[in-house]
Undergrad: 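Input: one structure, supplied below.
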2 protein chains.
Amino acid sequence: MKTFSINYHLFKREKEGIINIFLKENENVLNSFSKRRIMFKKNMDNRNEKENTIRDVANLAGVSVATAGRVLGGYGSASSKSVSAVKDAAAKLNYIPNGIAQSMKKKNTKTIGLIIANISNPYFSSIARLVEEVLAKEGYNLIICNTDEDSERELSYLRTLYEKRVDGLMIASALKDSESSEDEVLKMYKNSIPTIIIDREIPGIDLPTVTSDNFRGAYEATTHLIKMGHKKIGVIGSNISTLFRRVDGYKQAMEENFLTFDDYLISNKTYDNVSPGDVNEGIFATRELLKDPETRPTAIFPLNNLLTTGALIAIDEMGLRIPEDVAIVGWDDFDLAPLLKPPITVVKQSSYNIANIATNRLLELISNSSLSSEADKKVTLSTELVVRGSCGNKAN
Amino acid sequence: MKTFSINYHLFKREKEGIINIFLKENENVLNSFSKRRIMFKKNMDNRNEKENTIRDVANLAGVSVATAGRVLGGYGSASSKSVSAVKDAAAKLNYIPNGIAQSMKKKNTKTIGLIIANISNPYFSSIARLVEEVLAKEGYNLIICNTDEDSERELSYLRTLYEKRVDGLMIASALKDSESSEDEVLKMYKNSIPTIIIDREIPGIDLPTVTSDNFRGAYEATTHLIKMGHKKIGVIGSNISTLFRRVDGYKQAMEENFLTFDDYLISNKTYDNVSPGDVNEGIFATRELLKDPETRPTAIFPLNNLLTTGALIAIDEMGLRIPEDVAIVGWDDFDLAPLLKPPITVVKQSSYNIANIATNRLLELISNSSLSSEADKKVTLSTELVVRGSCGNKAN
DNA sequence: CTGAAAGCGCTTACAG
DNA sequence: CTGAAAGCGCTTACAG
């Protein structure tokens, strides 16, 4: 029995059909594994063969690689004769430059990473939409990473994005307040990639930030409920740093109005297989909060959009009436809010502004390595309380 | 007045502070433009300086670059002594490999491109969510591109993604039926990047496809409305290829029931500054369709989720009652559908299944260069009519 | 197990 | 205006 030594150069000669002949001749001797490896190599080689490089273009145009590069890349100058020869050749070969090689030399990738909890959350998806739109105009592409509020995953994404040498990073961090001061985390963020933090600050990390005024938004919503005569108000929201700020706003409003709040009114439990702040958390938490007619709050305030959806589902399920049995203020406005019976009062934050400001600052950071006005390194956008009909009025 | 020739080597000596001295000495002579250029160069050099390469790791570990690569990349073998020396060195230098250079050699980028109409459309965002999740487990990142149903933008994205040498492509194409046979388009799609078409077929392009059964979904919904006694049924949806299929399903159902449909019942107008199939199109089209009590249909069927939202908004605005004044079947289920008064009947398609099947096939395509079963190259998933209360019953 | 060297496909400083 | 050559940071076939 013969042995076969299939070396690299043999593969290279695939053009001349050598591998095919080789395969035919020895069909029964080769085991299927090595056959598969050879086929794979063939496929790869085929793929590569199709790919014309700038060298092919230069050859066909009868100029040097340098000149071809100058014409195609628009850098340096070339005679009009060279220009047309190269352009013709490129068109004929259907040449598409290799951006990887370009990135290698130019030290940029024209790619930005966006790290968020969950792209199917309308709040994040509308941010992503706008970020992508502004970025696309400047020639950047967007890589999207879903953390599901898991900081492990966030760190793993960060590492991958660094490896890919993205030109910039926009992060709605899953890091909890306690985690953010760890050394390793800091190291990741402090690496030299221009970074903008959105949606929530990362305590202890000094980077440009664009957030809503979470504290004030929650404070105003709670104050509104109090004005409408509610004294026992429940909030829903677990382990996300934004929500901590909102809970603080709630507490402040309660205290200022001399209202006490028992612990059970602040629902911040996490549930198995439910990521923090998700619809199901809203459903489960609302059920628990409202199940006992004796102790239940007269109003609830789910602290983000998905929790709001969950709360509405649970309330409907339980057959409770809004606002007679329980009033509600939601977080984030949504198209159908005015159509529900009754229409839902919400705290509205502008994903449009967050995305726009953050993206423009990121672009500024990328081109200048610094922000023009250090003064407003932290941008806080005010929220708006949109009063509709879901809070009732127990005051009159 | 002196002239300055600041050459490359001078920049390289920035470490020794030469540029800083140079800048100080000539502060008033340099115009701000050249100062900025010098600062930029400095910044770039600084950035690069920080970046440790595998060469630095090898030097520190006292081994060759090849050995360092073998240890860090996990290919080939190395002595345990080398392994620990290299690992220590890498950790000490906070070494993060350059994925660009790796891609250059390995001919892959571990990146997939997803081309969709609009990531802020819940249908697409839930697809994106799932695609990203499956992909992330296999070590791929996802670049997201919003076309807004504009085929020009789609082609431009395609080109960029080819330049970036993504390993695979998933496309819900904005191409209209008429455009898809153009030569240039075909050329783009026929390039050697593994590609899966989702959501809608591209006529004339023979690539693996995963779609819902749009025809049948619309046929069933229309049939349901007819069974409920509706004879004058309007549909809403403009220039998107999926919607053409749905219109066909509607027509078929109407014809089978010997119902005539005037042209005005098929609302397919486009509006300025409104991308096809968007909420505003739903609002505008519904207003027109329902404005005249004499001619208005007794039921409407908006052909996608955003159009459905728009229709609901318009109906509410006009003060019409569902289903007494107008019945409605929506496309795509949504969390709040059961909570509206009345609950909305919808055609439900499974973004979960589309995303899952499409992603797994793409991964298969990437690793095998072909699909195992050519037979089911085109996968069509059935839809489900979820009957709630928005269709009334004129039949009794 | 290991190192020297080639090469991936570009860009660019240098020298005509 | 143009070409030869170096180099970006890796991987890998080859030869010890």
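Proteins come first, then strands; the chains are lettered A, B, ... in the order of their sequence lines, and each starts at number 1.
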Undergrad: For C:dG3, does OP1 or OP2 lie under 4.0 Å from any side-chain N or O of B:Thr67?
TA: yes
Undergrad: Can you see if the side chain of B:Tyr95 gets near the phosphate of D:dC10 - specifically, an N or O under 4.0 Å from OP1 or OP2?
TA: yes
Undergrad: With no hydrogens and no angle check, is any side-chain donor or acceptor of B:Thr67 less than 3.5 Å from a backbone partner on B:Val63?
TA: no
Undergrad: Given 3.5 Å as the limit, does a donor-acceptor pair link the side chain of A:Glu154 with the main chain of A:Ala174, or not?
TA: yes
Undergrad: Using a 3.5 Å limit for the pairing distances, which stems of at least 3 consecutive Watson-Crick or G-U wobble pairs does DNA chain D take part in?
TA: C:1-3 with D:14-16, C:5-12 with D:5-12, C:14-16 with D:1-3
Undergrad: What is the distance, to the nearest angstrom, from the CZ atom on A:Arg55 to the C1' atom on C:dG7?
TA: 11 Å
Undergrad: Out of D:dT11, C:dG3, D:dG3, which has the shortest distance to the side chain of B:Ile54?
TA: D:dT11
Undergrad: C1' atom, C:dT12 versus C:dG16: distance in rounded Å?
TA: 16 Å
Undergrad: Without decimals, in angstroms, what is the distance between A:Met104 CE and D:dC10 P?
TA: 7 Å
Undergrad: Between C:dC10 atom P and A:Leu72 atom CG, what is the distance in whole Å?
TA: 9 Å
Undergrad: What integer distance in Å separates A:Arg165:CZ from D:dC10:C1'?
TA: 11 Å
Undergrad: Atom CD of B:Glu163 to atom P of C:dC8: distance rounded to whole Å?
TA: 20 Å
Undergrad: Taking only the side-chain nitrogens and oxygens of A:Gln102, find out if one of them lies under 4.0 Å from OP1 or OP2 of C:dT11.
TA: yes
Undergrad: In whole angstrom, what separates B:Glu51's CD from D:dC10's C1'?
TA: 12 Å
Undergrad: May I ask you to say whether A:Glu51 pairs ionically with B:Arg165, meaning some side-chain N is under 4.0 Å from a carboxylate O?
TA: yes
Undergrad: Rounded off to whole Å, could you give me the CD1-to-P distance for the B:Ile100 and D:dC10 pair?
TA: 11 Å
Undergrad: Just one of B:Thr147, B:Asp148, B:Asn146 clears the side-chain hydrogen bond (donor to acceptor under 3.5 Å, both in side chains) bar with B:Arg153, so which one?
TA: B:Asp148
Undergrad: OP1 or OP2 of D:dT2 sitting under 4.0 Å from any side-chain N/O of A:Ser79?
TA: yes
Undergrad: Between D:dG3, C:dT2, C:dT11, spot the one nearest the side chain of B:Arg70, thanks.
TA: C:dT2
Undergrad: Pick the closest DNA chain C nucleotide for B:Ala78 and for A:Thr53 by heavy atoms, then say which residue is nearer the 5' end.
TA: B:Ala78
Undergrad: Kindly indicate, with the supporting measurements, whether the criterion side-chain hydrogen bond (donor to acceptor under 3.5 Å, both in side chains) is fulfilled by B:Lys164 and A:Thr111.
TA: CA-CA 10 Å; B:Lys164 296 217 160 136; A:Thr111 305; 3.2 Å; yes
Undergrad: A:Asp56 has an atom CG; how far is it from atom C1' of C:dC8, in whole Å?
TA: 14 Å
Undergrad: Pairs in or reaching into residues 131-146 of chain A: which pass salt bridge (Lys or Arg N to Asp or Glu O under 4.0 Å), with residues at least two apart or in two chains?
TA: A:Arg129-A:Glu133
Undergrad: Can any side-chain N or O of B:Thr359 pair as donor or acceptor with the backbone N or O of B:Val134 at less than 3.5 Å?
TA: no
Undergrad: Please figure out whether A:Gly73 or B:Lys105 has its closest DNA chain C nucleotide nearer the 5' end.
TA: B:Lys105
Undergrad: Please tell me if A:Ser82 has a side-chain N or O lying less than 4.0 Å from either OP1 or OP2 of D:dT2.
TA: yes
Undergrad: Would you indicate which nucleotide in D:dC10, C:dG9, D:dT11 comes nearest to any side-chain atom of A:Ala101?
TA: C:dG9
Undergrad: Between B:Lys110 and B:Asp167, is there a salt bridge with N-O shorter than 4.0 Å?
TA: no
Undergrad: Examine C:dT2: is either OP1 or OP2 under 4.0 Å from a nitrogen or oxygen in the side chain of B:Lys81? Give yes or no.
TA: no
Undergrad: According to a strict under-4.0 Å criterion, is A:Lys107 in side-chain N/O contact with OP1 or OP2 of D:dG9?
TA: yes
